[in-house]
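Each chain gets a letter, A, B and so on, in the order its sequence line appears, and its residues count up from 1.
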Amino acid sequence: MKNIYNPLATARNNDVIIKDITCFNLKDTLDCGQAFRWKPLDDRTWIGTAFQRNLVIGYEDNSVVLYNTTLEDYKNIWEDYFDIKRDYSQIIEAISVNKILKDATEVAGGLRILRQDPWEALCSFIISQNNNILRIKGIVERLCENFGAPVGDSYSFPDAATIAALSVQDLAPLRSGFRARYIIDAATKVSGGEIDFNLCRTAPIDDARNELMKICGVGIKVADCALLFGFDRIEAFPKDVWIKRAMAQLFDGELPQEAVPYAGIVQQYIFHYARTTKLQID
DNA sequence: GCCCAGGGAATCG
DNA sequence: CGATTCCATGGG
């Protein structure tokens with residue numbers, strides 16, 4: 001009989017330990033451009049803030065350790081955030097019938113799709129447009145420091161209502177350029193109830209995308225990123241310049257059929273593959 | 001100085 | 001419709 005994927009989390013003093021987890025790598029997951037608030041402390045430990053909590057996470061032997069947290073926070077926040085319950089090995093096995101996809105998974109096989117706060121994901125990817133990851137991180141950091149609430153020695157990601165009360169000029173310290181008015185528009189429409197987050201979670205993907213595209217500054221790609229990283233929609237397949245190049249070159253523009261049910265996850269494997277291997281540029 | 005960065009809106013034809 | 005151009009900012 002086949003092993004059933006069932007990683008076990010237990011408390012140890014002030015830590016939570018996850019045993020028997022497969023396909024989980026912190027660098028692959030936290031440094032891949034899906035989230036912008038995680039920093040390496042050393043080569044096996046990362047620190048970040050999400051859902052009003054700070055977390056240090058690392059490895060011990062073959063286990064993943066969440067430091068200075070509780071089993072309650074793990075169950076309420078981090079288990080979903082790190083997508084622990086999803087069996088990635090089964091997905092990798094399913095798509096590996098395609099040789100190219102198999103190669104792609106081997107570049108970043110420990111990558112997991114983080115289930116981030118919807119507003120944070122949406123706002124972060126509005127900031128991401130025509131921008132580079134280093135600078136996105138800087139703008140997001142200044143956004144939190146200026147307008148978030150203190151969380152230990154860090155700051156929460158400011159909620160939409162907080163940002164909606166500000167003006168474009170108020171966002172000047174972020175140095176976010178032309179994106180400032182997009183951030184304000186998003187915050188205003190989200191906090192005003194004009195954007196139905198529940199619809200984004202449950203409606204057919206095209207309807208969900210159109211809902212987010214009511215916001216000025218949200219096009220197809222930003223909407224798909226928000227859906228994938230913030231609304232638990234793994235069928236979303238954001239097409240940035242790297243993906244377009246890779247798709248044309250590797251698959252003649254068409255995603256292999258076996259990858260379609262996991263499109264968003266496969267997108268991340270391909271994104272990594274395209275950026276770390278020498279695909280022909282143009 | 002020049003280039004471009006996980007795009008999108010505005011403005012063309 | 002599709003194609004171009006502009007948008008702010010800053011690191012390489």
Side-chain angles (χ1 to χ4, degrees), chain A residues 27-39 104 107-108 111-114 116 118 120-143 145-146 166-190 195 206 208-231 233-251 253 255 263-282:
Chain A
K27 183 172 172 51
D28 291 350
T29 301
L30 299 175
D31 195 30
C32 69
Q34 63 169 323
F36 303 100
R37 300 202 64 197
W38 291 91
K39 293 177 182 172
V107 176
L111 191 153
R112 284 171 174 263
I113 303 291
L114 297 172
Q116 303 180 61
E120 177 171 343
L122 173 62
C123 190
S124 296
F125 279 93
I126 287 172
I127 292 167
S128 80
Q129 68 181 74
N130 191 227
N131 213 339
N132 59 63
I133 290 179
L134 186 66
R135 198 164 157 260
I136 297 165
K137 287 179 178 172
I139 294 170
V140 169
E141 187 171 23
R142 291 189 289 276
L143 178 66
E145 286 174 354
N146 280 278
L166 303 172
S167 66
V168 170
Q169 292 84 342
D170 291 329
L171 296 189
L174 307 186
R175 305 196 297 279
S176 60
F178 62 87
R179 303 163 194 85
R181 71 183 183 93
Y182 298 162
I183 296 170
I184 297 291
D185 189 63
T188 303
K189 285 175 178 160
V190 168
I195 310 297
D206 290 342
R209 186 187 297 115
N210 285 330
E211 183 70 8
L212 292 177
M213 286 172 63
K214 288 181 187 171
I215 298 163
C216 184
V218 177
I220 295 172
K221 192 271 178 180
V222 168
D224 280 343
C225 281
L227 290 171
L228 176 59
F229 302 124
F231 291 88
R233 301 298 298 259
I234 65 161
E235 71 269 50
F237 190 84
K239 290 176 186 149
D240 61 83
V241 288
W242 290 92
I243 291 292
K244 285 176 185 167
R245 208 151 48 204
M247 289 298 293
Q249 218 168 310
L250 300 174
F251 305 114
L255 191 65
I265 295 173
V266 175
Q267 190 266 9
Q268 285 299 99
Y269 294 140
I270 297 171
F271 181 71
H272 241 277
Y273 185 73
R275 289 179 61 118
T276 56
T277 63
K278 33 276 173 213
L279 277 182
Q280 222 176 326
I281 310 290
D282 296 336

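- The separation between A:I243 atom CD1 and B:dA5 atom C1' is 16 Å, rounded to whole Å.
- One interatomic measurement links the two molecules: CD1 of A:I136 to P of C:dG11, which rounds to 14 Å at whole-angstrom precision.
- Salt bridge A:R209/A:D206: present, at least one basic N to carboxylate O contact under 4.0 Å.
- Among the heavy atoms of the strands lying under 4.0 Å from A:F271 is at least one base atom, whether or not backbone atoms are also near.
- Looking only at atom types and distance, the side chain of A:D170 has a donor-acceptor partner in the side chain of A:S167 under 3.5 Å away.
- Straight-line distance from the CG atom of A:L174 to the P atom of C:dG10: 11 Å, rounded to whole Å.
- The nearest heavy atom of DNA chain B to A:M213 and to A:C225 marks one nucleotide each, and the one closer to the 5' end goes with A:C225.
- Salt bridge A:K137/A:D31: present, at least one basic N to carboxylate O contact under 4.0 Å.
- Here B:dG6 presents its C1' atom at 14 Å from CD1 of A:I126, a figure rounded to the nearest Å.
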Checking side-chain hydrogen bond (donor to acceptor under 3.5 Å, both in side chains) for the pair A:N131/A:R135: CA distance, chi angles, key distance, verdict?
CA-CA 7 Å; A:N131 213 339; A:R135 198 164 157 260; 3.1 Å; yes
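- Atom CZ of A:R179 and atom C1' of B:dG7 are 9 Å apart (whole Å).
- Between the side chain of A:N131 and the base of C:dA8, no donor-acceptor pair of N or O atoms lies under 3.5 Å.
- When the nucleotides B:dA9, C:dG10, C:dC7 are ranked by their closest atom to the side chain of A:N132, C:dG10 comes out on top.
- A:I220 comes within contact range of the sugar-phosphate backbone alone, with a heavy-atom separation under 4.0 Å but no base atom that close.
- Between C:dG11 and B:dG8, the two C1' atoms lie 23 Å apart (nearest whole Å).
- Counting only heavy atoms from C-beta on, A:F178 has its side chain closest to C:dC7 among C:dC7, B:dA9, B:dG6.
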Passes salt bridge (charged side-chain N to carboxylate O under 4.0 Å, His left out), A:E211 versus A:K189? Steps please.
CA-CA 11 Å; A:E211 183 70 8; A:K189 285 175 178 160; over 6 Å; no
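- Side-chain N/O atoms of A:R175 and base N/O atoms of C:dT9 include no donor-acceptor pair closer than 3.5 Å.
- In the set B:dG8, C:dA8, C:dG11, the nucleotide with an atom closest to the side chain of A:L134 is C:dG11.
- Nearer the 5' end of DNA chain B, as judged by each residue's closest nucleotide, is the contact made by A:Q267, out of A:G217 and A:Q267.
- Taking atom CZ of residue A:R181 and atom P of nucleotide B:dA10, one finds them 6 Å apart after rounding to whole Å.
- In this structure, the separation between CH2 on A:W38 and OG1 on A:T29 is 10.5 Å, given to the nearest 0.5 Å.
- Nucleotides B:dG6 and C:dA3 place their P atoms 23 Å apart, quoted to the nearest Å.
- When distances run from any side-chain atom of A:R275 to the nucleotides C:dG10, B:dG6, B:dA9, the shortest one goes to B:dG6.
- The P atoms of B:dG1 and C:dA8 are separated by 22 Å, rounded to the nearest whole Å.
- Atom CD1 of A:I127 is separated from atom C1' of B:dG7 by 14 Å (rounded to the nearest Å).
- Atom NZ of A:K244 and atom C1' of B:dG8 are 11 Å apart (whole Å).
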